[in-house]
Amino acid sequence: MTLSVNSPLQLSPNSFYIGTSQVFGRPGKFHWSIYSTDDQGNILRVHWAVTPGTEFAEGVVYEKIESLCSYSETNVLTFVCARILGVRMPPLDVFKEMAVAVFTNAPHGYSSVKENRDRHITCRTWLLRLLKAIMDRGYVSRPPDALQTVKEIEKRIIEISIEVEDTLLDDTFSGVRVMDL
C-alpha cells in the first residue's frame, strides 16, 4: 500500500459528485460529502460536519478547495468520488436554502452530536435527503441506464466504499475509486 503519492483527483467541470471518506475506528461507516465543480473546475465541498463555536454541534459546512486528493492533510483517506450523472448543482442561493431545509424540525441540528444521532441526523442522511430534494426539484436529467433512485445510488456508493476500505486490510489499496453513477 502506497500513500506517499497524493495527486489531485481529476474531476470534470460542471459536475456533481458524492464522496466518502474514512471514519477511523468505524469500519463500514463513512463521512459523506458533496463536491460540486463549476465550468472552471473550481471545487466546492459541502457536508454535514462539526461546527465549533456555534450553538449547534454540527451543521452544513461550505469549503472552497483547490483540489481533492486521495487523502487529506490529516491522512483521512477518500474512498469513493462518484460523479452523479445528470445532476446539476442548483444556483448557490437555492442550494443553501435546500441544504438547511433537509431536517425540517432542526435545520441546524441540535446542540450535541448525540442528540443529532438519536434523531438520525448524520452526514449521510443529510446528503441523501438533499440529493432527493435536488432530484425532486428537477435539477436532474439521468441517463436511462443510470441508477435512478437515491436508494440505488446510496447502495452502490456504500458497496464500493466497503470494497475500497477492505483493500486497506489486505494491503492492496491502490487509490480512490473515481467513477460515474
Side-chain angles (χ1 to χ4, degrees), residues 1-24 27-49 60-92 94-96 98-99 123-124 126-128 130-135 138-181:
M1 171 174 61
T2 300
L3 295 180
S4 59
V5 176
N6 196 26
S7 301
L9 304 177
Q10 297 302 310
L11 303 183
S12 298
N14 294 316
S15 295
F16 186 97
Y17 290 85
I18 294 175
T20 61
S21 56
Q22 185 176 34
V23 174
F24 291 111
K29 301 291 182 187
F30 314 101
H31 184 72
W32 294 63
S33 300
I34 291 170
Y35 297 94
S36 174
T37 58
D38 64 16
D39 58 349
Q40 302 297 311
N42 297 310
I43 305 169
L44 177 65
R45 177 185 188 198
V46 187
H47 57 134
W48 184 266
V60 182
V61 176
Y62 299 85
E63 302 168 305
K64 290 183 179 180
I65 59 174
E66 287 188 33
S67 61
L68 176 60
C69 297
S70 297
Y71 55 97
S72 71
E73 293 174 0
T74 57
N75 291 322
V76 173
L77 284 168
T78 299
F79 290 144
V80 170
C81 191
R83 180 170 57 158
I84 309 304
L85 296 173
V87 173
R88 295 183 326 276
M89 180 75 160
L92 194 54
V94 173
F95 180 84
K96 286 183 174 185
M98 294 172 74
C123 56
R124 182 184 60 81
W126 170 82
L127 186 148
L128 296 171
L130 180 57
L131 177 59
K132 182 173 182 344
I134 289 168
M135 293 170 87
Y139 292 99
V140 62
S141 177
R142 299 277 289 151
D145 60 338
L147 301 173
Q148 295 299 315
T149 68
V150 171
K151 199 71 176 157
E152 291 171 326
I153 293 168
E154 172 192 26
K155 182 180 179 211
R156 188 66 184 130
I157 290 173
I158 289 171
E159 289 169 352
I160 301 291
S161 297
I162 289 171
E163 286 175 18
V164 173
E165 183 178 48
D166 285 349
T167 67
L168 294 172
L169 300 174
D170 63 17
D171 205 27
T172 59
F173 178 77
S174 62
V176 179
R177 190 86 52 91
V178 180
M179 61 189 185
D180 290 338
L181 283 183

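When reading the values below, keep in mind they use all heavy atoms of this one structure, side chains included, and skip hydrogens, waters and symmetry mates.
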Q | side-chain contact (heavy atoms from CB on, under 4.5 Å) between Ile160 and Met179, worked out | A | CA-CA 10 Å; Ile160 301 291; Met179 61 189 185; 3.7 Å; yes
Q) Looking at side-chain heavy atoms only, is the closest gap between Met98 and Pro90 below 4.5 Å? A) yes
**Q.** Reported OG1-to-CG distance for the pair Thr149 and Leu131, which is rounded to 0.5 angstrom
**A.** 9.5 Å
Q) Any donor and acceptor pair, going by atom type alone, linking the side chain of Asn14 with main-chain N or O of Asp39 inside 3.5 Å? A) yes
Q | Closest non-hydrogen atom pair, Gly28 against Glu165 | A | N-OE1, 2.8 Å
Q | Donor-acceptor contact below 3.5 Å, side chain Trp48 vs main chain Trp32 | A | no
Q.
Using 0.5 Å steps for rounding, measure from the OG atom of Ser161 to the CZ atom of Arg177.
A. 9.0 Å
Q.
Phe173 vs Leu77, test: side-chain contact (heavy atoms from CB on, under 4.5 Å). Steps then yes/no.
A. CA-CA 11 Å; Phe173 178 77; Leu77 284 168; 3.9 Å; yes
Q: For the pair Glu63 (side chain) and Val61 (backbone), establish whether a donor and an acceptor sit closer than 3.5 Å, ignoring hydrogens and angles.
A: no
Q. Is a side-chain N or O of Gln148 found less than 3.5 angstrom from the main chain of Pro143, in a donor-acceptor match?
A. yes
Q.
Exactly one of Val176, Thr167, Leu168 should register a side-chain contact (heavy atoms from CB on, under 4.5 Å) with Phe79. Which one does?
A. Leu168
**Q.** Minimum heavy-atom distance between Cys123 and His31, given as atom pair plus value
**A.** SG-ND1, 3.5 Å
Q: Measure the spacing between CD1 of Ile43 and OG1 of Thr37 and express it to the nearest 0.5 Å.
A: 7.5 Å
Q. What are the two closest heavy atoms between Cys81 and Leu9, and how far apart are they?
A. CB-CD1, 4.3 Å
Q) Taking side chain as C-beta onward, heavy atoms only, is Trp126 less than 4.5 Å from Ile34? A) yes
Q | 4.5 Å side-chain heavy-atom contact, Leu68 and Pro8 | A | no
(Q) Is the shortest side-chain heavy-atom distance between Met135 and Val150 below 4.5 Å? (A) yes
Q) Is any side-chain heavy atom of Phe95 less than 4.5 Å from a side-chain heavy atom of Tyr62? A) yes
Q: Taking the side chain as every heavy atom from C-beta outward, state whether Arg124 and Lys29 have any atom pair closer than 4.5 Å.
A: no
Q. Should Tyr35 and Ile18 count as side-chain neighbours, where that means a heavy-atom distance under 4.5 Å?
A. no
Q | Where Ala99 and Val60 come nearest, the two heavy atoms and their spacing | A | O-CG2, 3.8 Å
Q | Student check: side-chain heavy atoms of Tyr17 and Leu11 closer than 4.5 Å | A | yes
Q. Are the side chain of Arg142 and the backbone of Leu85 linked by a donor-acceptor contact shorter than 3.5 Å?
A. yes
Q. If only atom types and distance count, is the side chain of Ser33 paired as donor or acceptor with the main-chain N or O of His47 below 3.5 Å?
A. no
Q: Rounded to the nearest 0.5 Å, what's the gap from CG on Asp38 to NZ on Lys64? Could you check?
A: 8.5 Å
Q.
Under the criterion side-chain contact (heavy atoms from CB on, under 4.5 Å), I'd like the reasoning laid out for Asp166 against Asp170: C-alpha separation, chi angles, the key distance, then a yes or no.
A. CA-CA 7 Å; Asp166 285 349; Asp170 63 17; 5.6 Å; no
Q) Is it true that Glu152 and Lys155 have a side-chain N and a carboxylate O under 4.0 angstrom from each other? A) no
Q.
Looking at every non-hydrogen atom in both residues, tell me the closest pair between Val140 and Arg88 and how far apart they are.
A. N-NH1, 3.8 Å
Q) Which pair of heavy atoms, one from Ala82 and one from Leu181, lies closest together, and at what distance? A) CB-CD1, 3.9 Å
Q) For Arg156 and Leu147, what are the C-alpha separation, side-chain angles and deciding distance, and is it a side-chain contact (heavy atoms from CB on, under 4.5 Å)? A) CA-CA 9 Å; Arg156 188 66 184 130; Leu147 301 173; 3.7 Å; yes
